[in-house]
Amino acid sequence: MERTLSIIKPDAVAKGVIGKILDRFESNGLTIAATKKLQLSRKEAETFYAVHSERPFFNDLVDFMISGPVVVSVLTGEDAMKKNRDLMGATNPKEAAAGTIRADFAENIDANAVHGSDSLENAAVEIAFFFAEKEIS
Ligand code: ATP
Ligand code: MG
């Protein structure tokens, strides 16, 4: 049983598709082991995406991630990390396969609807960033 972290980004929250995106997870064998809606501070967003701090798009990424509330969730299930990445689709929604979350709900590479952990190591760090162990079931 794996764990991974999902974030429904501000664009998708603003569009009112939280429920539709969470349904994708549950309909594809993932369990929502924890979930909450919150507003990231600039410092939190910078820390969360610190791995991208040298990239040219870093400031735009942080600005976008704090532009409105997000929904963070712990997803569990067999192969949860890769399964979530597959459900999300490619980073650029124009390249995302039909039927993926980004193909269906994202506008562009900046506002791309969802985040998902990209390794089990990062998943553990990202989950601990948002949730206490007793909040996950
Ligand atoms: P995420 O980490 O949000 O799940 P990802 O793992 O598919 O997305 P990353 O390479 O980790 O993609 O990039 C993190 C985020 O930074 C992307 O979701 C996207 O919003 C933004 N980003 C990535 N590459 C670019 C780019 N070339 N131009 C603009 N924004 C980008
Ligand atoms: Mg990433």
Side-chain angles (χ1 to χ4, degrees):
M1 201 58 97
E2 278 184 18
R3 285 177 173 184
T4 193
L5 185 88
S6 160
I7 304 179
I8 302 177
K9 294 185 179 182
D11 58 321
V13 172
K15 260 188 209 170
V17 293
I18 295 170
K20 286 181 177 165
I21 291 175
L22 292 179
D23 177 59
R24 297 286 174 104
F25 303 141
E26 293 194 309
S27 296
N28 287 279
L30 294 171
T31 294
I32 299 166
T35 192
K36 59 187 170 190
K37 188 179 188 183
L38 56 89
Q39 171 71 49
L40 285 168
S41 68
R42 179 170 296 277
K43 198 174 182 70
E44 286 169 333
E46 286 173 351
T47 303
F48 185 80
Y49 274 121
V51 62
H52 295 308
S53 60
E54 302 304 318
R55 308 278 282 276
F57 56 80
F58 181 67
N59 286 333
D60 288 342
L61 175 60
V62 169
D63 283 344
F64 169 64
M65 290 301 289
I66 67 172
S67 65
V70 298
V71 173
V72 294
S73 305
V74 178
L75 307 178
T76 60
E78 198 176 319
D79 215 11
M81 189 279 291
K82 182 172 185 304
K83 189 176 270 183
N84 180 43
R85 297 287 297 188
D86 289 346
L87 291 172
M88 289 164 57
T91 306
N92 186 344
K94 291 181 178 62
E95 292 162 11
T100 60
I101 293 168
R102 283 169 166 163
D104 290 345
F105 301 117
E107 299 308 322
N108 53 60
I109 195 165
D110 300 298
N112 62 2
V114 280
H115 161 84
S117 308
D118 60 6
S119 71
L120 287 181
E121 293 83 351
N122 286 342
V125 172
E126 292 178 1
I127 288 168
F129 187 85
F130 286 112
F131 293 97
E133 203 52 43
K134 68 179 180 188
E135 295 176 305
I136 304 168
S137 57

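The figures here come from the full heavy-atom set of this structure, side chains too, leaving out hydrogens, waters and symmetry mates. For ligands, and for the atoms within them, numbers begin at 1 and follow the listed sequence. If you read the sequence from its start, that first residue is 1, and numbering goes on from there.
The shortest non-hydrogen separation linking Ala113 to Ala106 is CB-CB, 4.0 Å. Scanning all heavy atoms of the two residues, the minimum distance from Phe58 to Tyr49 falls at CE1-O, 3.3 Å. Scanning all heavy atoms of the two residues, the minimum distance from Arg3 to Glu133 falls at NH2-OE2, 2.7 Å.
Here the side chain of Ser117 pairs a donor or acceptor atom with the backbone of Leu5 at under 3.5 angstrom. A side-chain donor-acceptor contact under 3.5 Å links Arg102 to the backbone of Val114.
Heavy atoms of Phe64 come nearer than 4.0 angstrom to ligand 1 in no pair at all. Proximity of Arg102 to ligand 1 is established by a heavy-atom distance of less than 4.0 Å. Within the structure, ligand 1 lacks Asp118 among the residues with a heavy atom less than 4.0 angstrom away.
Residues Leu22 and Ile8 are in side-chain contact: their nearest non-hydrogen atoms beyond the backbone lie under 4.5 Å apart.
Atoms of ligand 1 lying under 4.0 Å from at least one heavy atom of His52, given by number and element, are 9 (P), 10 (O), 11 (O), 13 (O), 14 (C). Near Asp110, the atoms of ligand 1 lying under 4.0 angstrom from a non-hydrogen atom of the residue are 20 (O), 29 (C), 30 (N). Atoms of ligand 1 found under 4.0 Å from any heavy atom of Lys9 (numbered from 1 in listed order, with element): 3 (O), 18 (O), 20 (O). Listed by number with element, the atoms of ligand 1 under 4.0 angstrom from any heavy atom of Gly116 are 4 (O). Near Met88, with a cut-off below 4.0 Å to any heavy atom, the atoms of ligand 1 are 4 (O). Within ligand 1, the atoms closer than 4.0 Å to a non-hydrogen atom of Arg85 are 4 (O), 5 (P), 6 (O), 7 (O), numbered from 1 in the order shown.
A salt bridge between Asp104 and Lys20 is absent, with no side-chain N of the basic residue lying under 4.0 Å from a carboxylate O of the acidic one. Contact check on Lys82 versus Asp86 returns a salt bridge, with a Lys/Arg side-chain nitrogen under 4.0 Å from an Asp/Glu carboxylate oxygen.
When the heavy-atom distances from atom 7 (O) of ligand 1 to Thr91, Asn112, Asn92, Asp60 are ranked, the shortest goes to Thr91. Remark: among candidates Phe48, Phe57, Tyr49, the nearest residue to atom 27 (N) of ligand 1 is Phe57, based on non-hydrogen atoms.
The shortest N/O to N/O separation between Ile109 and ligand 1 falls below 3.5 Å. Polar contact with ligand 1: present for His115 (N/O pair, distance under 3.5 Å).
Remark: Lys36 is positioned above the aromatic ring of Phe131, its terminal NZ or CZ atom under 6.0 angstrom from the ring centre and at most 45 degrees off the axis.
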